[in-house]
Amino acid sequence: MSGGDMLDFEIRPNSAPVSAVERAALLANPGFGQVFTDHMVTIRYADGKGWYDPRVEARAPIPMDPASAVLHYAQEIFEGLKAYRTADGSVTMFRPEANAARFVESARRMAMPELPAELFVESLHRLVEIDREWIPEAADASLYLRPFMFASEVFLGVRPAKEYLYCVIASPAGAYFAGGVKPVTVWVSPDYTRAAPGGTGAAKCGGNYAASLSAQAEAIEADCDQVVFLDAVERRYVEELGGMNVFFVYDDGTVVTPPLNGTILPGITRDALLSLATAAGHQVVERPISFAEWQADAESGRLREVFACGTAAVITPIGRVRFPGGEFVIGGGEAGRSTTALRERLVAIQRGEAPDPQGWVRRIL
Ligand code: PLP
Ligand code: COI
């Protein structure tokens, strides 16, 4: 299928949706990734046939043969973005085309078929439309959308599969970290790296997260919220967190973030913040920053603020950094002024409460 001739979705509404009363109870305090809506989108792919059978249907288990390729060699990619309810009752999404483009890039890296961007965006619209009652109203809540695709072909040879299933599920979400926007503590992993040059670090594939879990377990063991990975070659430079990019704010207002070197995920929040920080008058620099420099500048006070950013985390201040044998604090362990201002600015744009000069926001309902 080319991007131009759009497939028609078959809509099969859930015959036993969650009741309004039960839904209201679930939406009161959804946490992150624990509550799911009534529907899902599925689209199938087969070599020689292309994309076919797009559906909106009741969310349900997916029957799988035990020899489905994804279960053995992890040919799987995903995305994450949010739908927001605005003050006037409409619904927005933030830069869905950017997620569509990254999904294509991830697919290429994992030797998977490319889902046309129009079909990706259309699939999100369809799901949000049918499950719109699931979008929470609270100011810090939203409907998290999780598009993903996996190799569904039944075979055990090691080669790119010839059949795939694309799916979108939706999950009402509050703050990613249990403490809300409170500064988090991060763990700098001494043993594990996330991605090597030539590897899959820039792709949003399940395997990257599988490989990060021992390090995340170590972080939790050390009473930290998230793991920070250093580069795989020199074990010196800060790359990113398990599920977030990272920014540093200096006393002269300079904002620094590690460059996109192929081993970190090109975050859409990261990209938006590069523009928003520039627009707010910061000097913005993409350059490698070593762990030694991070520690020295935090201890001297030159480094004032550090924050993590991503769709799930939005902008979350990092107050404390632990590593084997020590720890240091950033900005007295409190959320910094620039972090808070950038967060407020980003959230206001996402929710349609502030001008959107870059045209990032799609009003979808
Ligand atoms: N880095 C990793 C490893 C992630 O999982 C995410 C989350 O998607 C990000 C960075 C931030 O990306 P984005 O801002 O597009 O959500
Ligand atoms: C996201 O922010 O969308 C992610 O996929 C990251 C994960 C920690 C939930």
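Note that ligands are numbered from 1 as they come in the structure, with each ligand's atoms numbered from 1 the same way. Computed over heavy atoms, backbone and side chain alike; hydrogens, waters and symmetry mates excluded.
- Here is the list of ligand 1 atoms found below 4.0 Å of a heavy atom in Y209: 2 (C), 3 (C), 4 (C), 5 (O).
- Shown in contact with G310 at under 4.0 Å from a heavy atom are these atoms of ligand 1, numbered in order with element: 11 (C), 14 (O), 16 (O).
- When non-hydrogen atoms are compared, ligand 2 lies under 4.0 Å from the side chain of K204 (C-beta onward) but not from its backbone.
- In this structure, R351 forms no cation-pi arrangement with Y84, as its terminal cationic atom is not both closer than 6.0 Å to the ring centre and no more than 45° off the ring axis.
- Considering only heavy atoms from C-beta on, L274 comes within 4.5 Å of E286 through its side chain.
- Nearest to atom 15 (O) of ligand 1 by heavy-atom distance, out of R102, R270, K204, is R102.
- Partner of F78 under the ring pair (Phe, Tyr, Trp, His ring centres under 6.0 Å) criterion, chosen from Y209, F120, Y144: Y209.
- Considering backbone and side-chain atoms together, G267 places no N or O closer than 3.5 Å to any N or O of ligand 1.
- When each atom of ligand 1 is checked for a heavy atom of T311 under 4.0 Å away, the hits are 13 (P), 14 (O), 16 (O).
- Taking atom 13 (P) of ligand 1 as the reference point, the nearest protein heavy-atom neighbour is I268 N, 3.5 Å.
- Looking at atom 8 (C) of ligand 2, its nearest protein heavy atom turns out to be Y176 OH, 3.4 Å.
- Under a hydrophobic-cluster definition in which Ile, Leu, Val, Met, Phe, Trp and Tyr are linked whenever side-chain heavy atoms come within less than 4.5 Å, directly or via other members, L143 and L127 are assigned to the same cluster.
- When the heavy atoms of A312, G243, A173 are ranked by distance to atom 2 (O) of ligand 2, first place goes to A312.
- For the pair I43 and D53, the minimum side-chain heavy-atom distance is 4.5 Å or more.
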